[in-house]
Amino acid sequence: MCFKMEYLMYILLAVLCIYATYTDLVCGLIKNKMLICFGGIGVVLDLFCYGILEPEWRNTFILNIGLMITVSVILYLTHIWAAGDSKLLITIATLVPAKLTVLEDRNYYSVLIVAYAFVVSFAYLIGDTLFLLIYQKRNISMDAVKKHFLAGVQMFFVNSIYLFLLLHLEDMILERFAFSLGQWKPIINICILILWSSFNKVYNHLLVAFAFGISVLICVFSKTIHFQLQQGLYYLAIIAFILFRIVINEFNYEFVKTQEVQRGMILSAVSSLCIAASGIKDSPAVSTEDMRSRLTQKQVEAIRAWGGSCKGKEYVQIVRKIPFAIFLSLGVLGYIVVRIFAS
């Protein structure tokens with residue numbers, strides 16, 4: 001009976017991913033009614049399957065859905081993606097069968113769906129950037145690249161200091177209490193780094209100097225510098241993230257007519273600064289170029305009014321919207337394919 005219910009979960013998961021991708025691409029949003037409908041069915045199936053028929057899989061299911069919810073909330077709070085993407089990921093979590101998350105007596109965490117999704121999105125953005133370079137003959141501003149490269153180098157060293165401190169403190173605390181995080185360790189560390197790096201104050205020179213000083217003291221008193229392959233992967237992840245930002249930064253924008261600006265769009269910092277300086281009522285503040293700066297309807301009306309004024313411009317620059325539902329769907333597909341071949 002539970003097998004048939006899990007088979008139904010696979011079908012619902014496929015329908016959800018296809019429909020969410022369609023609405024995100026065509027309408028620019030993921031509909032709440034759809035998520036409530038699929039999520040509700042998923043919860044009922046989960047309760048019946050893992051709560052009554054096969055309770056031995058209950059803890060595995062709770063572990064995975066709890067991890068998916070945590071990651072989705074962290075990515076939303078750090079403005080990496082929108083609320084709709086977080087809700088979609090949580091809905092997906094309710095439809096991932098518990099047995100799929102175990103591979104030869106080891107956990108194959110469903111949160112890897114997010115990792116696969118970001119790998120696909122990274123490949124897409126690199127390909128899209130190359131397309132714009134080759135076929136649309138866009139020029140790269142070397143001054144901008146130099147600026148972003150120097151900022152990237154600074155970001156790498158700062159994050160490396162915090163990462164070094166985090167890993168050493170983690171080892172000291174876990175060793176003292178004879179506790180092991182096991183397979184959870186890289187997941188927890190990545191979540192901590194994402195949350196920590198989202199705060200601008202972490203780049204304060206005094207705070208960085210303090211963290212560096214503590215790191216040096218730990219090395220001096222412990223008389224050793226711990227370094228493992230897993231720790232090296234963290235540093236490679238930092239480098240990959242910085243290269244990612246440098247490559248796509250010049251092509252992260254597009255121009256739209258001022259009178260065609262829509263609710264939910266995100267202005268570039270340059271355009272928002274020009275509009276804010278006009279003093280028009282309800283005009284948006286200077287854009288942070290992330291989800292915090294999505295335009296409201298009142299702000300859209302203010303921008304259109306500014307465009308029609310003598311100081312306005314015909315076009316404004318916005319941050320290009322990249323629908324993420326398709327990447328989450330491909331992440332689900334990749335997760336299932338890897339699970340099948342690995343078994």
Side-chain angles (χ1 to χ4, degrees), residues 24-25 27-29 75-85 121 124-126 128-133 135-155 197-205 241-324:
D24 200 19
L25 289 173
C27 307
L29 53 83
L75 292 175
Y76 171 68
L77 292 177
T78 52
H79 312 291
I80 292 176
W81 63 18
D85 300 314
S121 66
Y124 164 78
L125 288 169
I126 294 294
D128 188 52
T129 299
L130 292 175
F131 173 82
L132 292 173
L133 275 172
Y135 293 101
Q136 294 193 9
K137 306 297 182 181
R138 288 198 184 182
N139 296 318
I140 296 179
S141 170
M142 296 309 298
D143 290 337
V145 170
K146 181 180 178 181
K147 175 184 174 182
H148 297 309
F149 176 76
L150 293 176
V153 171
Q154 180 186 14
M155 184 185 299
S197 61
S198 67
F199 297 104
N200 292 329
K201 291 185 179 179
V202 302
Y203 297 99
N204 181 277
H205 292 167
F241 176 71
I242 292 169
L243 290 175
F244 172 77
R245 290 189 62 176
I246 293 173
V247 170
I248 70 168
N249 193 80
E250 283 297 296
F251 304 96
N252 197 36
Y253 308 99
E254 63 180 325
F255 287 93
V256 297
K257 288 186 176 181
T258 306
Q259 300 303 321
E260 294 178 0
V261 170
Q262 302 292 328
R263 181 169 63 91
M265 287 182 174
I266 302 173
L267 291 177
S268 70
V270 174
S271 287
S272 64
L273 187 61
C274 294
I275 297 169
S278 67
I280 292 179
K281 185 181 178 182
D282 295 324
S283 61
V286 177
S287 176
T288 57
E289 298 191 356
D290 57 28
M291 295 301 167
R292 289 171 291 183
S293 296
R294 298 178 79 178
L295 296 174
T296 64
Q297 189 58 43
K298 284 188 176 181
Q299 290 173 336
V300 167
E301 292 170 2
I303 292 170
R304 291 175 180 175
W306 169 80
S309 67
C310 59
K311 294 182 179 179
K313 295 181 179 179
E314 185 180 359
Y315 289 87
V316 291
Q317 190 182 48
I318 63 169
V319 177
R320 294 172 62 203
K321 184 185 184 301
I322 301 176
F324 207 77

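Residues G264 and R294 come closest through the heavy atom pair O-NE, 3.5 Å. For the pair R304 and Q259, the tightest heavy-atom approach, listed with the atom from each and the gap, is O-NE2, 2.9 Å. Annotation for Q317 and S271: closest pair N-OG, 2.9 Å, computed over non-hydrogen atoms. Between S272 and S287 the shortest heavy-atom distance is OG-N, 2.8 Å.
Within the 4.5 Å cutoff, the side chain of P284 has heavy atoms near those of the L267 side chain. Side-chain atoms of I318 and M265, non-hydrogen and from C-beta on, do get closer than 4.5 Å to each other. The side-chain heavy atoms of V316 and V261, taken from C-beta on, include a pair separated by under 4.5 Å. In this structure, S283 and Q299 have side chains that are not in contact, with every pair of non-hydrogen atoms separated by 4.5 Å or more. Residues W306 and T258 form a side-chain contact, since some pair of their non-hydrogen atoms from C-beta on lies under 4.5 Å apart. At a threshold of 4.5 Å between non-hydrogen side-chain atoms, the residues D24 and L29 do not count as touching.
Rounded to the nearest 0.5 Å, atoms CD1 (I303) and CG (L295) are 4.5 Å apart. Between atom CZ of residue F255 and atom CD of residue E314 there is a gap of 12.0 Å, rounded to the nearest 0.5 Å.
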